[in-house]
Amino acid sequence: MATFAKPENALKRAEELINVGQKQAALQALHDLITSKRYRAWQKTLEKIMFKYVELCVDMRKGRYAKDGLIQYRIVCQQVNVSSLEEVIKYFMHLATERAEQARNEAQALEDALDVEDLEADKRPEDLMLSYVSGEKGKDRSDRELVTPWFKFLWETYRTVLEILRNNSKLEALYAMTAHRAFQFCKQYKRTTEFRRLCEIIRNHLANLNKYRDQRDRPDLTAPESLQLYLDTRVEQLKIATDLELWQEAFRSVEDIHGLMSMVKKHPKPSLMVIYYAKLTEIFRVSESHLYHAYAWLKLFTLQKSYNKNLTQKDLQLIASSVLLSALSVTPYDHHCGSSHLEVENEKERNLRMASLIGFNIDPRKEAREVLSREALLSELSSKGVVACASQDVKDLYCLLENEFLPLDLAAKVQPLLTKISKLGGKLVSVSSVPEVQLTQYIPALENLCALRVLQQVSKVYHSMKIETLSKMIPFMDFSVVEKISVDAVKYKFVAMDIDHQKGAVTFGNEDIESDELCDHLMVLTDSLNKARGLIYPPSKKQSRLGESLYGLADIVEKEHKRLLARKSIIEKRKEEHERQMLEKEREEESRRLKQQKTTEEAEQRRLAAEYTRREEQRIRREIEERELQEAQALLLQSEKGPKKKGKRAVLEGEKVTKQALIEMALSEQLKERQEMEKKLQKLAKTMDYMERAKREEESPLIEQAFDQRLEEEKKIHELEQLKEIELSRQHHAGDIQEKNRLARILDNKVIFQRRIEGRREAEYTRLKEEREYRINQQKAMREREIEMKRKLLYYIKTEEERLTKIQEEEEARKREEEERRKKEEAERKAKLDEIAEKQRQREKELEEKERLRKEALRGRNIDPLPRPADSGTGLRSVEPAAAATATAAAAPPSAGKYVPRFRREGTAAPPAEPDKRHGHDDRPSQTSDRWRSDDRDRRSSFTGSRLPSSSTSWSSSRTRG
């Protein structure tokens with residue numbers, strides 16, 4: 001990198017290098033100066049250097065160098081002298097445009113020079129080979145070689161300048177001027193792809209401006225000057241898009257303009273809005289959005305009438321006619337009738353978006369098609385006086401199509417009006433943004449509307465009609481087109497009709513019960529019946545109004561009270577809902593804060609990890625550098641030991657010699673050796689050249705002498721061969737004449753033989769033709785018999801299938817009836833069995849109840865006291881004295897009237913209990929039997945363990961309870 005004490009020295013050095021043909025070195029020297037940090041203060045010399053720098057960049061087509069230099073120069077003079085940057089950029093674009101035009105003119109001149117009568121005479125062999133190999137024409141090849149590189153460089157120039165000037169408040173005017181020139185470049189050379197990219201670049205610049213609007217030197221879109229520049233750029237973009245017929249890009253440009261207007265909340269100038277709506281009409285016309293096209297025309301008419309003071313009456317009448325005809329061109333039915341909910345919602349969003357673009361404010365809660373509709377548009381045209389401003393023919397057409405009811409004569413009266421309207425139109429003198437208006441574009445839509453009106457009015461009068469009659473009623477349209485129109489009308493429920501081509505008739509009036517016309521008829525019938533009922537049964541005498549009001553006052557008070565209570569509950573619910581929402585909001589804020597804190601911690605961890613990675617990379621890089629330094633030192637020692645390096649040791653700077661430096665030194669040595677070898681080879685080649693030239697100078701006379709001798713010999717040979725050829729031709733001719741005379745004698749026989757052969761072949765052909773026709777007839781008859789047999793067989797099979805199907809259906813019906821009958825009988829039998837079971841359960845229940853009562857009666861009888869035996873004292877006396885004394889001490893002796901069992905009297909075990917033979921065994925537990933069993937156990941224990949008094953006490957107590 002060269003360093004200069006002053007910038008003037010760099011400029012002088014660059015000019016010297018240019019003079020000797022080293023433009024690349026001059027460009028590099030100026031680039032090093034511009035990108036150097038030593039010269040960051042602006043001075044006039046830097047501007048001269050930039051002029052020379054951009055000249056070199058354009059000459060060598062170095063777009064990258066130009067971009068780097070302009071960026072550095074912008075940094076230098078942005079705060080000091082912006083006009084200098086503007087001059088440099090203008091000069092840069094001027095040079096690029098001039099060179100592109102020069103290349104285009106050179107290519108055109110080259111093509112004109114090749115336009116001669118004899119193309120082969122002027123073409124060089126290499127041109128012919130190129131044309132045969134590549135398949136390109138001369139103009140295509142010259143454009144590719146000369147024009148395309150310069151056009152590509154010019155396009156890169158525009159992109160570079162826009163990138164340098166973007167989003168800078170001090171360079172807004174230059175940015176707008178560059179964008180306009182880029183648009184004109186795309187328009188002039190039909191560069192559609194570059195135009196799309198240019199629009200996307202400008203769109204991204206605006207998006208970045210809105211995203212980083214707080215940065216320094218950012219344009220303020222709220223300022224009128226900045227807003228006007230941006231709007232002018234977008235309007236120019238819209239114009240070029242429509243001129244290039246890039247309708248999608250034009251619509252995106254319209255959205256950009258609307259976005260700018262919505263962003264700054266300011267209404268632009270009327271002249272810009274006129275261009276805006278004029279281009280909108282073209283876009284909607286191409287997209288066949290007739291409704292939006294008509295609304296755009298209405299906005300354009302309003303603007304022209306309000307702000308254009310030079311508007312003539314003729315221009316106003318022509319614009320009003322366009323507005324009215326565009327409104328009439330809208331189809332008189334809704335294309336989204338019967339659509340799904342999603343389609344309706346999408347259409348609502350689309351209508352809201354289009355209404356916003358056109359400039360109509362619509363309440364989102366309402367249906368957009370209720371506001372933007374054909375009926376609303378026509379009523380607005382009448383209220384704003386557009387109909388009154390239109391031409392008389394257009395007014396008559398409007399009255400016929402919208403107000404008159406002429407089903408038979410409508411098309412005949414409309415056709416001459418359409419012919420007159422098609423001749424209207426022309427240039428608008430007082431409206432520059434709308435140069436020309438042609439009403440012919442509305443004729444097809446108006447013819448469709450006329451056909452729809454004829455179908456609608458005929459359907460109200462006639463029930464059916466012949467197709468021929470209907471075709472004659474619409475003379476300017478083929479019936480196939482009418483049929484296509486009617487299909488759409490029936491689909492969207494505008495007309496109810498059927499077309500029967502077999503009968504050649506059209507039937508009207510197949511309407512649903514929910515159609516509007518039937519609803520109207522039903523409403524009229526209801527009103528008529530109510531009036532008749534009122535006449536037949538007159539109402540009773542009404543009470544006074546005061547009585548009526550007092551009579552309903554209580555209900556009103558009660559309803560009002562209920563309404564207030566409901567309102568109170570609603571208010572309470574809303575309060576609760578508000579509190580709940582506040583709590584949810586606080587919860588969400590807390591979660592968001594925690595999430596943000598977590599994100600911050602993760603970012604800090606990533607930063608620490610990146611810092612660690614960076615340090616590791618630095619450590620590895622230092623180790624690699626140290627290793628390379630060691631390798632360089634080793635390579636240096638090895639190179640010093642070589643035999644050829646003596647006396648050629650390089651001057652090194654201490655120990656900072658790198659491996660790359662040593663490799664470069666070795667390469668330079670190899671380069672020197674190669675150059676010496678090339679010099680030797682050149683010297684040898686020159687010597688050989690001298691030898692070859694001397695040899696050829698010596699052999700040249702000998703070659704000419706041999707050539708002359710050979711020429712004489714070949715001349716003699718040629719004369720001899722020519723004489724031989726003449727003699728041979730003469731002999732052949734004589735032989736041919738003799739052969740002709742010999743064959744002339746048999747000419748008659750040849751003709752006779754030829755005729756005989758032709759007759760025989762003709763007879764053979766006739767015979768074969770008759771045989772072929774006979775076979776064809778036989779095959780045809782056989783084929784007809786086969787077709788007849790197949791038809792009969794198919795008929796028989798079809799009849800048999802129908803019979804079998806009928807038998808199968810009858811069998812299935814019988815089975816279904818049998819199944820139903822069986823199910824019915826099964827249900828009846830089950831009901832009877834359930835009834836019998838229910839009776840059986842009731843009978844068993846009664847028997848159980850009787851048995852229970854009987855057993856309770858028996859149990860009461862068994863509880864009665866038994867008779868006491870007379871010998872109770874004998875049993876007591878038979879007991880041993882010790883046991884009697886113990887029993888006497890433990891309990892009081894029983895009284896004389898107490899019953900004592902036999903086993904206690906005799907001292908034996910208790911006998912087993914015998915079942916009741918009269919009543920059978922009873923398994924049910926009872927209180928009495930339990931007491932008996934407990935007494936029995938007591939008796940056993942007293943027998944074994946001498947507890948007679950306690951058992952006797954228990955027995956006596958049980959008897960006492962009984």
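These numbers come from the heavy atoms of this one structure, side chains and all, not from hydrogens, waters or symmetry mates.
Using a 4.5 Å heavy-atom threshold, the side chains of Ser422 and Leu439 count as separate. Taking the side chain as every heavy atom from C-beta outward, Leu303 and Tyr276 never approach each other to under 4.5 Å. Side-chain contact between Met497 and Ser459 is absent, with no heavy-atom pair separated by less than 4.5 Å. Looking at Val254 and Lys279, their side chains never come closer than 4.5 Å, going by heavy atoms from C-beta outward. Side-chain atoms of Pro475 and Gln415, non-hydrogen and from C-beta on, do get closer than 4.5 Å to each other. Inter-residue side-chain proximity for Trp247 and Ser287 is flagged as unmet; no heavy-atom pair is nearer than 4.5 Å. At a threshold of 4.5 Å between non-hydrogen side-chain atoms, the residues Cys450 and Leu401 count as touching. At a threshold of 4.5 Å between non-hydrogen side-chain atoms, the residues Glu812 and Gln808 count as touching.
For the 3.5 Å distance criterion, the side chains of Ser391 and Asp393 fail to qualify, holding no donor opposite an acceptor. Using a 3.5 Å distance cut-off with no hydrogens or angles, the side chains of Asn777 and Glu773 do not pair a donor with an acceptor. In the model, Glu770 has no side-chain atom that pairs as donor or acceptor with a side-chain atom of Tyr774 under 3.5 Å. A donor atom on one side chain and an acceptor atom on the other are not found under 3.5 Å apart for Thr242 and Glu282.
Interatomic distance, Gln313 CD to Cys389 SG, rounded to the nearest 0.5 Å: 7.0 Å. Annotation: the span from Ser329 atom OG to Leu291 atom CG amounts to 11.5 Å, rounded to 0.5 Å. Here the straight-line distance linking atom CD of Gln441 with atom OG of Ser322 works out to 7.0 Å at 0.5 Å rounding. A distance of 12.5 Å separates CG of Leu804 from NZ of Lys806, quoted to the nearest 0.5 Å. The distance from the CG atom of Leu328 to the CG atom of Asn448 is 13.0 Å, given to the nearest 0.5 Å. Rounding to the nearest 0.5 Å places CG of Leu300 at 10.0 Å from CG of Leu280.
Ring-plane geometry between His501 and Phe479 is classed as perpendicular, the angle between the planes exceeding 60 degrees on a 0 to 90 degree scale with a lower cut at 30.
The nearest pair of heavy atoms linking Leu377 to Ala327 is CD2-CB, 3.6 Å. In this structure, Ala411 and Met473 approach most closely via the heavy-atom pair CB-O, 2.9 Å. Pairing each heavy atom of Cys199 with each of Gln237, the nearest pair is SG-NE2, 3.4 Å. Scanning all heavy atoms of the two residues, the minimum distance from Leu311 to Leu316 falls at CD2-CD1, 3.6 Å. Heavy atoms only, all atoms of each residue included: Thr331 and Arg374 are closest at O-CD, 3.6 Å. Across every non-hydrogen atom of Pro407 and Val461, the tightest pair is CG-CG2, 4.1 Å.
Looking only at distances, no side-chain donor or acceptor of Lys187 sits under 3.5 Å from a matching main-chain atom of Leu244. Side chain of Thr507 to main chain of Ser464: no donor-acceptor pair is present (N/O by atom type, distance under 3.5 Å, no hydrogens or angles). Arg234 places no side-chain N or O within 3.5 Å of a backbone atom of Ile257 that could act as its donor or acceptor partner. Not a single donor-acceptor pair under 3.5 Å links the side chain of Gln457 to the backbone N or O of Phe405.
With Tyr292 as the fixed residue, the ring-ring contact (aromatic ring centres under 6.0 Å, His included) test singles out one of Tyr277, Phe284, Trp297: Phe284.
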Test log, rule salt bridge (Lys or Arg N to Asp or Glu O under 4.0 Å), inputs Glu825 and Arg822 = CA-CA 5 Å; Glu825 290 177 356; Arg822 187 181 62 77; over 6 Å; no
Can you list the steps and then say if Leu397 with Leu325 is a side chain to side chain contact (heavy atoms under 4.5 Å, CB included)?
-> CA-CA 9 Å; Leu397 181 65; Leu325 290 179; 3.9 Å; yes
Worked verdict on Val394 versus Tyr442 for side chain to side chain contact (heavy atoms under 4.5 Å, CB included) | CA-CA 12 Å; Val394 178; Tyr442 302 111; over 6 Å; no
Salt bridge (Lys or Arg N to Asp or Glu O under 4.0 Å) between Glu788 and Arg791, worked out | CA-CA 5 Å; Glu788 184 67 21; Arg791 186 182 61 79; 2.2 Å; yes
Test side chain to side chain contact (heavy atoms under 4.5 Å, CB included) on Glu380 and Tyr295 and set out the steps.
-> CA-CA 10 Å; Glu380 190 170 358; Tyr295 271 104; 4.2 Å; yes
How far apart are the C-alpha atoms of Arg775 and Gln778, what are their side-chain angles, what is the distance that settles it, and do they pass the side chain to side chain donor-acceptor pair (under 3.5 Å) test?
-> CA-CA 5 Å; Arg775 285 198 306 272; Gln778 282 187 345; over 6 Å; no
Between Leu424 and Val437, is a side chain to side chain contact (heavy atoms under 4.5 Å, CB included) present by the stated rule, with each step listed?
-> CA-CA 9 Å; Leu424 296 178; Val437 174; over 6 Å; no
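We find that Glu200 and Arg197 are not joined by a salt bridge, their nearest charged nitrogen and carboxylate oxygen being 4.0 Å or further apart. Ion pairing between a basic and an acidic side chain is recognised when a charged N comes within 4.0 Å of a carboxylate O; Glu249 and Arg203 show such pairing. With respect to Arg574 and Glu577, no salt bridge is recorded, no charged nitrogen being found less than 4.0 Å from a carboxylate O. Here Glu818 does not pair with Arg814 in a salt bridge; the nearest charged N to carboxylate O distance is not below 4.0 Å. Here Arg816 does not pair with Glu819 in a salt bridge; the nearest charged N to carboxylate O distance is not below 4.0 Å.
Surrounding CZ of Arg803 are more than 12 heavy atoms belonging to other residues, nucleotides or ligands, all under 6.0 Å away. A 6.0 Å sphere centred on OH of Tyr462 holds no more than 12 heavy atoms belonging to other residues, nucleotides or ligands. Annotation for Glu468: atom CD does not count as buried by contact number, only 12 or fewer foreign heavy atoms lying within 6.0 Å. The neighbour count for Glu483 CD, taken as heavy atoms of other residues, nucleotides or ligands under 6.0 Å away, is above 12.
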